[in-house]
Amino acid sequence: MFENLGNKLQDILERLQREKTLTDTQVKAAMREIRMALLEADVNFGVAKEFVARVSEKAVGQEVLGSLDAGQMVVKLVHDELIQTLGGESKQPVLKTEGNVVFMVGLQGAGKTTSTGKLAKFYKEKGRRVLLIAADTQRPAAREQLRTLGNQVGVPVLEVANGETPAQTRQRLNEFQQTDFRDLVIVDTAGRLQIDENLMDQLADLQTALQPTETLLVVDAMTGQEALSVAKTFDERVNLTGLIITKMDGDARGGAALSARFVTGKPIYFAGTSEKLTGLEPFYPDRVAGRILG
Ligand code: GDP
């Protein structure tokens, strides 16, 4: 019944006595181990603490149900709570027939431009008429990179010129739409190495001009502790509607996903699984729950 269980939980399961009610001592011992496992997976410290408190509250005094013993019951509670915290079921953005504008936001290097190309391919293959907007005027090679990706996928790319105002970009988009109508516009916005006010102001101005229907934060799975403050700040300033976790093909166990989801409450729609355009998959909370527990 626990196919995705990590070794850590298996160990705890074996150590716990096979009793019929969960005692305070049992739960405490198990939760110490769970907290360690979360920290090792780079889950933010505060999130790990709160997560453990939440599960403990549910666990203590709980009657052990049916054929389960006490150990299995703790494991089930932790596993279920992790999946719930990661969003429960796998979800996809709900797009309208037309008028979809998706903003891709995030720090430089998170994989924003790459993910923009991947989404273009994903939605083109679903029959969408996609237009890309290269609005990352911050990173020198970003616009050229997006142009190349657009060519590979076979979708047009509108490039924002240096010094162009958001209103001018809106105007150019309107003109484009009149000659070559697109039902899905994906905007690769500017990132910075660190969050700063200037970046947030710029993003907010572009949002006002282009009125996105989705604003997706691209988070690097390797980010670790910092994922929490990045997600929190972006959500406060530009109102995120969802998340994409990149570089899940690396060594990172996925703690960044848990932290970002925990602090924003927004769904994680996709996981990046390679540098290639094909490296985009739906995000499956149950799989990542197992991976976080190692
Ligand atoms: P941006 O500054 O956020 O636009 O970042 P880029 O899209 O340029 O990506 C930064 C680096 O991460 C590049 O070398 C990408 O090839 C790489 N990258 C992006 N997404 C993934 C992913 O899901 N897996 C792996 N392995 N590499 C990725």
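The residues of the chain are indexed from 1 along the displayed sequence. For ligands, and for the atoms within them, numbers begin at 1 and follow the listed sequence. Every heavy atom of this structure was used, including side-chain atoms; hydrogens, water molecules and symmetry mates were not.
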Student: Can you tell me which portion of Thr273 lies within the under-4.0 Å heavy-atom range of ligand 1? Options are side chain, backbone, both, or neither.
Tutor: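 Contact part for Thr273 vs ligand 1: backbone (N, CA, C, O).
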Student: Check each atom of ligand 1 against the heavy atoms of Gln108 and keep those under 4.0 Å away; list them by number with element.
Tutor: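 Ligand 1 atoms under the 4.0 Å threshold to Gln108: 2 (O).
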Student: With a heavy-atom distance limit of 4.0 Å, tell me whether Thr114 approaches ligand 1 through its side chain, its backbone, both, or neither.
Tutor: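 It is both backbone and side chain that touch ligand 1.
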Student: Who's the nearest protein heavy-atom neighbour of atom 5 (O) of ligand 1, and how far?
Tutor: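 Looking only at protein heavy atoms, the one closest to atom 5 (O) of ligand 1 is Gly111 N, 3.2 Å.
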Student: With side chain to side chain donor-acceptor pair (under 3.5 Å) as the criterion, how do Glu226 and Thr223 come out once you've worked through the C-alpha distance, each side chain's angles and the decisive distance to 0.1 Å?
Tutor: CA-CA 6 Å; Glu226 205 200 341; Thr223 318; 6.0 Å; no
Student: Do the side chain of Lys118 and the main chain of Gly279 share a donor and acceptor less than 3.5 angstrom apart?
Tutor: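 Flag set: sc Lys118 to bb Gly279 pair under 3.5 Å.
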Student: Should Asp188 and Lys112 count as an ion pair when the cut-off is N to O under 4.0 Å?
Tutor: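 Answer for the salt bridge query: yes.
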Student: Hey, which of Val185, Asn100, Val153, Ile186 is the one that makes side-chain contact (heavy atoms from CB on, under 4.5 Å) with Val130?
Tutor: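 The residue from Val185, Asn100, Val153, Ile186 that satisfies side-chain contact (heavy atoms from CB on, under 4.5 Å) with Val130 turns out to be Ile186.
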Student: Are Lys126 and Phe122 in a cation-pi contact, defined as NZ or CZ under 6.0 Å from the six-membered ring centre and within 45° of the axis?
Tutor: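 Ring-cation test returns yes.
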Student: With distance as the sole criterion, is a donor-acceptor pair present between the side chains of Arg170 and Asn174 under 3.5 Å?
Tutor: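 Indeed, the side chains of Arg170 and Asn174 share at least one donor-acceptor pair under 3.5 Å.
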Student: Nearest protein heavy-atom contact for atom 10 (C) of ligand 1: which residue, which atom, what distance?
Tutor: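 The closest one turns out to be Gly109 O, 3.6 Å.
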Student: Locate the shortest heavy-atom distance separating Ala41 from Ile292; write the atom from each residue and the value.
Tutor: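 Heavy atoms of Ala41 and Ile292 come nearest at CB-O, 3.3 Å.
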Student: What protein heavy atom sits nearest atom 11 (C) of ligand 1, and how far away is it?
Tutor: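 Looking at atom 11 (C) of ligand 1, the protein heavy atom closest to it is Lys247 NZ, 4.1 Å.
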Student: Would you say CD of Glu57 has more than 12 non-hydrogen atoms from neighbouring residues, nucleotides or ligands within 6.0 angstrom?
Tutor: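 It does not: Glu57 CD has 12 such atoms or fewer within range.
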Student: Taking a cutoff of less than 4.0 Å between a non-hydrogen atom of the residue and any ligand atom, is Ala142 in contact with ligand 1?
Tutor: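 Not so, Ala142 does not reach ligand 1.
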Student: So for atom NZ, which belongs to Lys232, do other residues, nucleotides or ligands contribute more than 12 heavy atoms lying within a distance under 6.0 Å?
Tutor: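 No - once you tally the heavy atoms of other residues, nucleotides and ligands closer than 6.0 Å, there are 12 at most.
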Student: Considering the heavy atoms of Gly272, write down every atom of ligand 1 situated less than 4.0 Å from one of them.
Tutor: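 Counting from 1, the qualifying ligand atoms are 23 (O).
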Student: Does ligand 1 have any atom that is closer than 4.0 Å to a heavy atom of Gly106?
Tutor: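 Distance cut 4.0 Å: Gly106 fails for ligand 1.
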Student: Any nitrogen or oxygen of Arg139 lying under 3.5 Å from a nitrogen or oxygen in ligand 1? Just yes or no.
Tutor: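 Yes, since at least one N or O of Arg139 sits under 3.5 Å from an N or O of ligand 1.
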Student: Any nitrogen or oxygen of Thr246 lying under 3.5 Å from a nitrogen or oxygen in ligand 1? Just yes or no.
Tutor: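 Not met; the criterion fails.
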Student: Please work out whether any backbone atom (N, CA, C, O) or any side-chain heavy atom from C-beta onward of Leu107 is under 4.0 Å from ligand 1, and answer side chain, backbone, both or neither.
Tutor: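 Near ligand 1, Leu107 shows its backbone, while the atoms from C-beta on stay back.
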Student: Report the C-alpha distance between Leu132 and Thr116 in whole Å, list the side-chain angles of each, state the deciding distance to 0.1 Å, and finish with yes or no for side-chain contact (heavy atoms from CB on, under 4.5 Å).
Tutor: CA-CA 8 Å; Leu132 295 178; Thr116 304; 3.7 Å; yes
Student: Tell me which part of Met248 gets within contact of ligand 1: side chain, backbone, both or neither, using heavy atoms under 4.0 Å.
Tutor: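 Within the 4.0 Å criterion, Met248 makes no contact with ligand 1.
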Student: Would you mind checking which non-hydrogen protein atom is closest to atom 24 (N) of ligand 1, with the distance to 0.1 Å?
Tutor: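 Closest protein heavy atom to atom 24 (N) of ligand 1: Asp249 OD1, 2.9 Å.
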Student: Flag Lys112 as yes when one of its N or O atoms lies below 3.5 Å from any N or O atom of ligand 1, and as no otherwise.
Tutor: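 Yes, Lys112 has an N/O under 3.5 Å of an N/O on ligand 1.
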Student: I need the minimum non-hydrogen distance between Thr215 and Val105, along with the two atoms involved.
Tutor: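 Closest approach of Thr215 to Val105: CG2-CG1, 4.0 Å.
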Student: With atoms numbered from 1 as shown, which atoms in ligand 1 lie under 4.0 angstrom from a non-hydrogen atom of Lys118?
Tutor: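 What qualifies from ligand 1 is 22 (C), 23 (O).
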Student: Give yes if a backbone or side-chain nitrogen or oxygen of Asp136 is under 3.5 Å from a nitrogen or oxygen of ligand 1, and no if not.
Tutor: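 No; the residue has no nitrogen or oxygen that sits under 3.5 Å from a nitrogen or oxygen of the ligand.
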Student: Taking Glu197 first and then Arg237, would you say they form a salt bridge - that is, a charged N and a carboxylate O separated by under 4.0 Å?
Tutor: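 A salt bridge is present here (some side-chain N lies under 4.0 Å from a carboxylate O).
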Student: Quick one: nearest non-hydrogen protein atom to atom 13 (C) of ligand 1, plus distance?
Tutor: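 Looking only at protein heavy atoms, the one closest to atom 13 (C) of ligand 1 is Glu275 OE2, 4.1 Å.
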Student: Tell me which part of Lys276 gets within contact of ligand 1: side chain, backbone, both or neither, using heavy atoms under 4.0 Å.
Tutor: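 Neither; no heavy atom under 4.0 Å.
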Student: Distance to 0.1 Å, residue and atom name: give those for the protein heavy atom nearest to atom 22 (C) of ligand 1.
Tutor: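 Atom 22 (C) of ligand 1 sits closest to the protein heavy atom Ser274 O, 3.2 Å.
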